[in-house]
Participant: 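Take this structure first; my questions come after.
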Amino acid sequence: MATLEIHDLHVSVEAENGPREILRGVDLTVKQGETHAIMGPNGSGKSTLAYSLAGHPKYTVTGGTVTLDGEDVLAMSVDERARAGVFLAMQYPVEVPGVSVSNFLRTSATAVRGEAPKLRTWVKEVKETMEALHMDASFAERNVNEGFSGGEKKRHEILQLELLKPKIAILDETDSGLDVDALRIVSEGVNRVRETGTVGTLLITHYTRILRYIKPDYVHVFAAGRIAESGGAELADKLENEGYEAYTKGGASE
Amino acid sequence: MATSIPAGSTTDGAIQVGQSAQPADARVSAAASYDVADFPVPHGREEEWRFTPLDRLRGLHDGTAEATGGLRVEVAAPEGVTVETVDRGDTRLGRAGKPVDRVAAQAYSAFEKASVVTVPKDAVLSEPVRITVHGEGGTVYAHQLVEVGRFAEAVVVIDHTGDATLAANVEFVVGEGAKLTVVSVQDWDDTAVHVAQHTALVGRDATFKSVVVTFGGDLVRLHPRVVYGGTGGEAELYGLYFTDNGQHQEHRLFIDHDTPHCRSNVAYKGALQGQDAHAVWIGDVLIRAVAQGTDTYELNRNLVLTDGARVDSVPNLEIETGEIVGAGHASATGRFDDEQLFYLMARGIPADEARRLVVRGFFAELVQQIGLADLEERLLAKIEQELEASVG
Ligand SMILES: Nc1ncnc2c1ncn2[C@@H]1O[C@H](COP(=O)(O)OP(=O)(O)OP(=O)(O)O)[C@@H](O)[C@H]1O
Ligand SMILES: [Mg+2]
């Protein structure tokens, strides 16, 4: 069973006046089949955690370990991590002019699966998944994320999640910027993947709204670069009522 | 992450409407002439020279470059096509138009023999005419004329390889109802300097398609020009360039809509990578008062792959009549940045493949639009090669 283990992770970014520590000792274990919600105020370091796991070059790991089934994730390049089964649905997906969605998806699936998917089944797979996400077929011919609305970008991220079938899915604020219908459609996509039981999900969110559709097994409160409290789904209800105030007071990084 | 080094500049295009007091070639500082003496030596601040590093022209612009070099020109043409080498006095030469800058005039004043390819009227060639121009070092002044008779159809491929300091005029005279496609490939060694004016005279109801492909050279500066000899003429000008480390590749186009009911369509795309790679694209379109019913569009797109490269892209559309079908232009310079690279890699795609994906995607549409199947393969292969050379 695939397991992602994060131990005492410290991460800095290069700020104007030298390096600035954002993550200050994150400990978290995510197993296949589990869903962990990570909730926290703006600027607490949620995206930093997500990007650091995916290997974004802007973030420097200054301490700690990350392993996937015992393999050192931090030693892998960005593409190696993806091929090892780590998937990051980004908060702000990037436009890639000149590359069509269909070409991109196929190249990516080929890389992750280790061989080119059979054309006929692949076309069908993409078409059906797009339909399930209420994405018009014309998106396949458009350039990656170019001119997509916020909601369309998020659907496109979940489309990739469904096609790439990772071991660990990190969803960075997939819910933000979605209206209620889109939120439901996108959540259904995530749930289809979760129902396979083969993915461990790290659901990063600012709001409890998405947890109505995606039921977490664990909820972690993220504040000032580390996990401040962990609990079950009931912790989300507490956050819904009380907000993050208890965690930001005094303990803030600023 | 966004880098702070500027990738290049895209100058917003200008559309000027109304009667213009400027001469026909607004961007040229002297009147067109066959005689080099009619042009002052450029100092670099003139509109038409301001992007060109004059010190790398090896004297082509100031009269100091003596013709010492050699050029091996071979023409392979299907039956029915006449291939000649003629003296400079041949009256067929110079009909498409006069040189418009000092280097073109220098070439016109200095060439000794010209190469003339004639496709007789009504001939429809089944095979392209292939002209290979191989530089063997040194300075050369050259002249080439391709004439296609009325209702004839031909494809001409001109390949430039080797090393040369070459200044040339290439004329295309396209007869009534004829169709000429010209592909000019600049696949020079990295030491070559190539400055040329390509002048097309497009006859009534004729179609002229130009495909300019520039990969090599230390400095390449090409000036494709189109003038119309009758109504109903159509010109399509396509270009592809891949500008590497230290290369200066400049494409300046001028389309002179001086005749009613003619069309033009321009699409140039370039990728740049490496330190001091410099691409310049100038698209001048003039729609004169008489040219009612004109339909024109021009586009330039650049993709900057690394820091240190620079693009200057300047479309300029001047319209002297409101009675036109359409006129437009677009110019944009984008960069393949680290965020795009990260996004593709985060989907399992290795870095070099990600870069290839983006570049191939960038050029693919244009290559398809050019619509020459055998060229398509070759261009894509060449682009791969360029990518590999610079990645490695
Ligand atoms: N290059 C940088 N220089 C300085 N500070 C940075 C830099 N990049 C990120 N930060 C800071 O790191 C902190 C954490 O940012 P991060 O994006 O991880 O937060 P987040 O929890 O995802 O917030 P949000 O809910 O707004 O998405 C913020 O205070 C941010 O300003
Ligand atoms: Mg964030």
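All chains are named by letter (A, B, ...) in the order of the sequence lines, taking the proteins before the strands, and each is independently numbered beginning at 1. Values in this document were obtained by computation on a predicted structure and should not be read as measured data.
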Participant: Picking from V86(A), V144(A), N145(A), L105(A), which has the most non-hydrogen pairs under 4.5 angstrom with chain B?
Facilitator: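 So the answer, after comparing V86(A), V144(A), N145(A), L105(A), is N145(A).
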
Participant: For the residue pair V112(A) and R347(B), what are the closest heavy atoms and their distance?
Facilitator: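 Shortest heavy-atom contact: CG2-O, 3.6 Å.
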
Participant: Relative to each other, are the rings of F104(A) and Y343(B) parallel, tilted or perpendicular (30° and 60° limits)?
Facilitator: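 It falls in the parallel class, under 30°.
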
Participant: Would you call K58(A)-E339(B) a salt bridge at under 4.0 Å N-O?
Facilitator: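 Salt bridge: no.
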
Participant: Does atom CD (E146(A)) have a neighbourhood of more than 12 heavy atoms from anything else shown, all under 6.0 Å?
Facilitator: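 Atom CD in E146(A) is packed in, count exceeds 12.
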
Participant: Could you check whether any side-chain N or O of R83(A) sits under 3.5 Å from a backbone N or O of G348(B), counting only pairs where one atom can act as donor and the other as acceptor?
Facilitator: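 Judged by distance alone, yes, a pair lies under 3.5 Å.
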
Participant: Report the option among P93(A), S108(A), P166(A) that has the most heavy-atom pairs separated by less than 4.5 Å from atoms of chain B.
Facilitator: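 Of the options given, most contacts go to S108(A).
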
Participant: Is the number of heavy atoms from other residues, nucleotides or ligands under 6.0 Å of K382(B) NZ greater than 12?
Facilitator: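 Above 12, so yes.
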
Participant: Taking CD in E71(A) as the centre, count heavy atoms belonging to other residues, nucleotides or ligands within less than 6.0 Å. Is the count above 12?
Facilitator: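 Result for CD/E71(A): open.
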
Participant: Can you tell which of E157(A), E95(A), E80(A) has the highest number of heavy-atom pairs within less than 4.5 Å of chain B?
Facilitator: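 Winner by heavy-atom pair count: E157(A).
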
Participant: Nearest heavy-atom pair of G55(A) and F342(B): which atoms, and what distance?
Facilitator: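 Minimum heavy-atom separation between G55(A) and F342(B): C-CE1, 3.9 Å.
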
Participant: Kindly indicate whether the side chain of R301(B), heavy atoms from C-beta on, has any atom under 4.5 Å from the side chain of P97(A).
Facilitator: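 With C-beta onward as the side chain, the pair stays apart.
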
Participant: Minimum heavy-atom separation for I349(B) and D79(A), please, with both atom names.
Facilitator: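 Distance-wise, the nearest heavy atoms are O-CB, 3.6 Å.
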
Participant: Testing the basics here: between M90(A) and A346(B), what is the closest heavy-atom pair and its distance to 0.1 Å?
Facilitator: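 So the two residues come closest at CE-CB, 3.9 Å.
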
